[in-house]
Q: 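This structure is in structure tokens; I'll ask about it shortly.
Per chain, numbering begins at 1; letters A, B, ... match sequence-line order.
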Protein chains: 2
Amino acid sequence: MFRGNHPTRVDEKGRLKVPAEFKRRVDELYGPQFFITSKDGKRAELYPMKEWERIEDALAKAPSSGAKKKFLDVTNYYGQVVEMDAQGRLLIPQLLREDATLAGDVAVLGMQTYLVVANDAKHRAQLAENPLTDADIDALGVVGI
Amino acid sequence: MFRGNHPTRVDEKGRLKVPAEFKRRVDELYGPQFFITSKDGKRAELYPMKEWERIEDALAKAPSSGAKKKFLDVTNYYGQVVEMDAQGRLLIPQLLREDATLAGDVAVLGMQTYLVVANDAKHRAQLAENPLTDADIDALGVVGI
DNA sequence: ACCACTTTCTTCCACTTCTTTCCACTAAGA
DNA sequence: TCTTAGTGGAAAGAAGTGGAAGAAAGTGGT
């Protein structure tokens with residue numbers, strides 16, 4: 001389970017420093033390979049290879065549909081297999097770097113099974129624009145929040 | 001069950017001293033790990049790790065929804081796993097320290113299953129601005145209040 | 001078609017900065 | 001006075017960063 005925000009940076013070469021905590025977990029649970037992609041072109045999603053393969057398997061079994069084709073189209077357009085080096089850095093494909101403006105300060109968010117990489121300022125602005133309301137929380141119906 | 005207000009301080013390094021009473025309860029009921037996060041960026045919420053995991057599980061089972069996505073986006077943006085040291089202090093992430101102005105005197109409030117950490121003066125002002133009304137209390141439908 | 005040169009990519013080393021942990025002192029309450 | 005809570009700070013270790021050297025891929029010319 002990945003959780004929380006680990007602020008980090010993308011250097012001028014386009015390398016993302018995977019925060020040490022996430023790196024440790026990935027090292028022990030998965031290999032150094034990831035599938036980096038995006039569903040909206042606005043922020044990158046980083047799946048440990050094994051997780052992505054699990055999703056692919058589930059999709060392969062699903063009946064053919066427009067939604068499936070669309071999903072494959074988008075995720076494979078932005079997608080690429082990337083590998084962490086010994087220093088815990090990985091090269092973000094140029095296309096994603098441009099579309100998701102991944103340079104300088106970025107937020108790496110744990111989203112349970114995968115990680116989200118977002119431009120910090122943009123993500124912040126998006127949260128401010130669309131805040132979490134009491135009604136949202138009530139809608140979840142979870143006790144003790 | 002956490003209850004009451006235990007005023008404490010955040011030092012210049014951003015370390016929150018967990019009041020001894022809360023520390024004792026946490027030590028016996030839970031481990032030293034917490035998930036610290038925020039829903040509005042204005043005050044921090046401190047969940048014993050086990051409590052937070054319970055919420056995560058409940059969320060994982062809930063059907064996909066906008067409210068759920070928003071909730072994960074916000075809580076993981078502000079969130080971080082933190083650990084108390086032997087002296088009962090824990091480091092508040094920079095982002096939260098800034099947004100929620102957690103420095104100097106703060107109030108630690110027991111909110112049943114979790115703790116709230118708020119800038120004392122700000123919290124006071126907010127209560128004054130938005131007081132508890134008879135209508136609020138009636139809406140609870142609890143006998144004997 | 002092959003060779004050589006150029007350019008880009010990748011990996012690894014070494015330095016710097018920040019974080020974390022732990023020790024010791026101060027203050028307050030019993 | 002003794003014990004427990006709270007505070008500050010220094011030292012050791014870990015994390016982050018830049019860059020240089022080696023490898024690989026691409027390009028052009030003979």
Q: In whole angstroms, how far is the P atom of D:dA5 from the CG atom of B:D11?
A: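 The distance from CG of B:D11 to P of D:dA5 comes to 18 Å, rounded to the nearest Å.
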
Q: CD of B:E21 versus C1' of D:dT4: gap in Å, rounded?
A: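 Distance, rounded to whole Å: 14 Å.
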
Q: After noting the C-alpha distance and the side-chain angles of B:L59 and B:L72, does the key distance pass the side-chain contact (heavy atoms from CB on, under 4.5 Å) rule?
A: CA-CA 9 Å; B:L59 279 176; B:L72 286 173; 4.3 Å; yes

Q: Could you run down nucleotides 11-17 of chain C 5' to 3' and tag each one B, S or - for protein heavy-atom contact under 4.0 Å?
A: BBB----

Q: Starting from C1' on D:dA5, measure out to NZ on B:K23 and report it in whole angstrom.
A: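 Value for this atom pair: 11 Å.
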
Q: Looking at B:D99 and B:K42, is any side-chain nitrogen of the basic one under 4.0 Å from a carboxylate oxygen of the acidic one?
A: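 Salt bridge between B:K42 and B:D99, a charged N being under 4.0 Å from a carboxylate O: no.
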
Q: For B:L91 and B:V82, which heavy atoms make the closest approach, and how far apart are they?
A: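 It is O-CG1, 3.3 Å.
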
Q: Mind calculating the distance between CZ (B:R9) and C1' (C:dT26) to the nearest angstrom?
A: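 Rounded to the whole Å, the gap is 14 Å.
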
Q: Between D:dT7, D:dG18, D:dA15, spot the one nearest the side chain of B:K17, thanks.
A: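 Nearest listed nucleotide: D:dT7.
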
Q: Does B:K70 use its side chain to pair, donor to acceptor, with the backbone of A:D136 at less than 3.5 Å?
A: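 Not confirmed, B:K70 side chain does not pair with A:D136 backbone.
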
Q: Round to a whole Å and report the spacing from CE of B:M84 to P of C:dC22.
A: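 Taking CE of B:M84 and P of C:dC22, I get 15 Å after rounding.
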
Q: For B:S38, enumerate each residue passing the side chain to side chain contact (heavy atoms under 4.5 Å, CB included) test, keeping only those at least two apart in sequence or located in another chain.
A: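 For B:S38 the side chain to side chain contact (heavy atoms under 4.5 Å, CB included) partners, ignoring immediate neighbours, are B:D40, B:Y78, B:L96.
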
Q: Write down the distance between CD (B:Q94) and P (D:dG16), rounded to a whole number of angstrom.
A: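 In whole Å, D:dG16 P and B:Q94 CD are 14 Å from each other.
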
Q: What integer distance in Å separates B:Q80:CD from C:dT19:P?
A: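 Taking CD of B:Q80 and P of C:dT19, I get 11 Å after rounding.
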
Q: Can you tell me how far P of D:dG16 sits from CG of A:L90, to the nearest Å?
A: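 Rounded to the whole Å, the gap is 13 Å.
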
Q: Test your reading of the model: is there a side-chain donor-acceptor pair from A:N5 to the backbone of B:N76, 3.5 Å cut-off?
A: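 It does not hold such a pair.
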
